Every structure is written in C-alpha cells, then in structure tokens.
Amino acid sequence: MKASANNLNQTQITDTLIDSCRNGDVRAFRELYNAYSGAMYNICLRMTNNVSDAEDTLQEAFIQVHRNIHKLENAGSVSAWIKRIVVNHCLNTLRKKKVYFEDPEVVEVEVEQGLDEEHFSWTVAAVRSAIDTLPHGYRTVLNLYLFEEYSHREISEMLGISESTTKTQYMRAKEKVRQIVKQQNATR
Amino acid sequence: MPEDLERFIQQHRSEFEMPGPSPRIWDALEKELTAKQEGAKIVPLLRRNWFRAAVILLLVVNAGALFYLTSRKQTRTASFAPEVQEANMYYSSKINEKLKIINAYPVEELGLDSAARKELELRNDTYKTLERELQNNPGNERIKAALIRYYQLKLDLLDRILEELQSKKVTPDQTKKHYEAEI
C-alpha cells in the first residue's frame, strides 16, 4: 500500500486480543469486528456499490478473518491483513457479477482542454455520485487507488491485469468523474 | 481552476465515509461463528474418535486373528523359535518406548477411556492369547505372522497417536500445565 495514512479505525489491537480471537473467544472477535467493521463496510460499499452486496461481502470476509486468524503473524499487521481479505471478497463479489477487469468497458472520454473552468468546484456529494455512475471496472480501479491507497502494481496483481491497464483505466475514470462533476456544476 | 480530484479526496477523506454496518450483520456473524465453533468442537472429538476407531480396528483385527487361530487344531511344540524371540524383543522395546511418551500426556489430552488405554498396552488380552497360542504351537507360521502383525499394527497406531499429539506442538509438560491452569 502507498505510504500515506489509511482511514482505518485506530483502535488499539493487541497481540493478546488476537490470541484470544485465535482461541475462539467470541467477545474478543467482536472487539476486533467493532474496530474494523466501519471502515471495512465502507470499502464494501464503495466496491460493490450496493448495500445488500456490501453487507453480504462484509459478513463473508469477517468469517474468513475468523477462520484464518491463526495465520496472522502479529497484531501490528492486522489492519492491512483484514483490509486485504475484505478487498479480495469484494473483488470476488464483482467477479460473480461477471465484472471483467480486463474488459476495457470503453467510456468515451474526451479530454477537454482550454474550456472555462473557473466555476468548476468539487463537492463530496458530486464526486460520490459521479463515481457511482462509472462502469464497474473503472470504479474498482479508481476506488482501489484513490480510497484504498493501493499502488497500481498492487491493483494490477489483484485484478490480474497489466499495470499499464490499471493506469489507463484510472486516468479515464478520473477524467470521467471530472466531466460529470463539471456537468453537475453547470446545471446547478 | 479546480483542484485535483486526488487532492480533494485526500482533504475530504472522512466526509466520504458512510455510517457503519447494521447491527444485524454482527448478529448474523455471531450465529455463524457460534455454529462454526460447535463444528470445531466436533473436530477434536472426531480426532479422539479416530483414536478410538483405530483401537477398535486393532481389536477387530486381533479378534479375527484369534478366531482364526483358536478355530484351528494346532500341533504343540516346546518353545518360541529364535526369530519370534528376536521380533518380541524388537517390537516390545519400540512399543514400550512409545507408550512411555504417550502415557506422559494427561488423560484428557489423549481422549481415550480406560478400556482403550488398556488396549494400547503391550500385554493386553489379545497379546496374552496370542502368546499362549504360540507357546502351544511354536512352529505355526500363521500364529507367528499374526503376532508380528499384532506388533506392527500396534506400533503404527502408537506412531499415529504420537504424531497427532505432537502436531499440536505441545509437550506432555506443557499440556499438564495448560490443564492445571484451566483448573
């Protein structure tokens, strides 16, 4: 993952808590769930773009976390470890929905130049809404890069596509978002 | 000129977060985990039953051998053949060595009841009967083969029990301490 800070809940997860989880202590596992479920649910929501899928994916991912907690080496890496499990489950959910990451899902994006940009401003709602309208493949790459802070190399490995493809998809996705937000600005 | 999308998201990262999942997700998860743990409890039971099944198998094989032996009329001779004595020494020493290690584990860890533990001992009823048969029929190749087979099965069973115990990566001392701590 890129070096910048991630948005995970910073609740202190100790080796003792992880040991308790390994020993089947459901209360300890609930503590772990409480610490990460919020951030992980948001990943699921962004990736699946659907509340029902996000809930199912979150639940399945935490079942795997519970099942594989003995593989976790230390509490220090728990955050990235859980996040990776959740992201993998999201990708599986998308694959089940026949989302092909290699498929270019070509979106006609014309890079506009020299246009009047002075009235153009980002808002959280507009960006979120624009991302929601992106094709699954583009949205996945954009989310993994911008929100989950994975590098293009990591994304290419996760999706099984080339790094140049993820970069191209990311650039196109970003441009598409910019155009949508700009249109929204214009119609306000 | 608008700022870059990346910078905008970094600066407003927390505003993109939605409220966490519904509490029913945990409820469903807890049910799954509890069900899984019930299942997980079955696994050690199965493992323990595996020991029992193996011991029962040994008993059945022994019983079959005994039935076969006792149903035949045998010729009596005076003493054990040298190869039988050699096999006795070899296998007895191996079996006793492994039994010593296994018996150092607490009874709870072994998961065997007293009858099964007794059956693991070298000189169990089956052994005694075989020995008696062999004393009465020292030259009988089938009895010799049955005795050797008895040794081999027992040794194999003890090895597998030891492997199982050692796969848990605990020594008898650690196990004892663990149980003492639990108590």
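Every value quoted in this text rests on a predicted model; they were computed, and no experiment measured them. Every chain is numbered from 1, with letters handed out A, B, ... down the list of sequences.
- Contacts between Tyr33(A) and chain B at a heavy-atom distance below 4.5 Å involve the side chain alone, from C-beta outward.
- Contacts between Ile9(B) and chain A at a heavy-atom distance below 4.5 Å involve the side chain alone, from C-beta outward.
- Contact of Val177(A) with chain B is made through the side chain alone, with heavy-atom distances under 4.5 Å.
- Judged by distance alone, the side chain of Arg46(A) and the main-chain N or O of Glu17(B) form no donor-acceptor pair under 3.5 Å.
- Considering all non-hydrogen atoms of both residues, Pro21(B) and Ser37(A) come closest at CD-O, 3.7 Å.
- For the atom pair CZ of Phe62(A) and CD of Glu32(B), the computed distance is 14.5 Å after rounding to the nearest 0.5 Å.
- Residue Tyr90(B) is grouped with residue Tyr127(B) when hydrophobic side chains (ILVMFWY) are merged at heavy-atom distances under 4.5 angstrom, including chains of intermediate members.
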- request: Report the C-alpha separation of Leu29(B) and Phe29(A) in whole Å, then their side-chain angles, then the decisive distance to 0.1 Å, and conclude whether the side chain to side chain contact (heavy atoms under 4.5 Å, CB included) test is met.
  value: CA-CA 10 Å; Leu29(B) 190 61; Phe29(A) 192 74; 4.2 Å; yes
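- In this structure, Leu58(A) CG and Trp26(B) CH2 are separated by 11.0 Å, a value rounded to the nearest 0.5 Å.
- At a threshold of 4.0 Å, the pair Glu30(B)-Arg27(A) does not count as salt-bridged, since none of the basic side-chain nitrogens sits closer than that to a carboxylate oxygen.
- Rounded to the nearest 0.5 Å, atoms CZ (Arg128(A)) and NE2 (His12(B)) are 12.5 Å apart.
- Under the 4.5 Å side-chain contact rule for hydrophobic residues, Ile180(A) and Ile131(A) do not share a cluster.
- Around atom CD of Glu86(B), no more than 12 heavy atoms belonging to other residues, nucleotides or ligands sit under 6.0 Å away.
- Contact record, Met18(B) with Asn42(A): N-OD1, 2.6 Å, taken as the closest heavy-atom pair.
- Heavy atoms of Phe16(B) lying under 4.5 Å from chain A belong to its backbone as well as its side chain.
- Two residues are said to be in side-chain contact when any heavy atoms from C-beta on lie closer than 4.5 Å; Leu146(A) and Leu5(B) meet this criterion.
- Tracing side-chain contacts under 4.5 Å through hydrophobic residues (I, L, V, M, F, W, Y), one reaches Tyr91(B) starting from Leu99(B); they form part of the same cluster.
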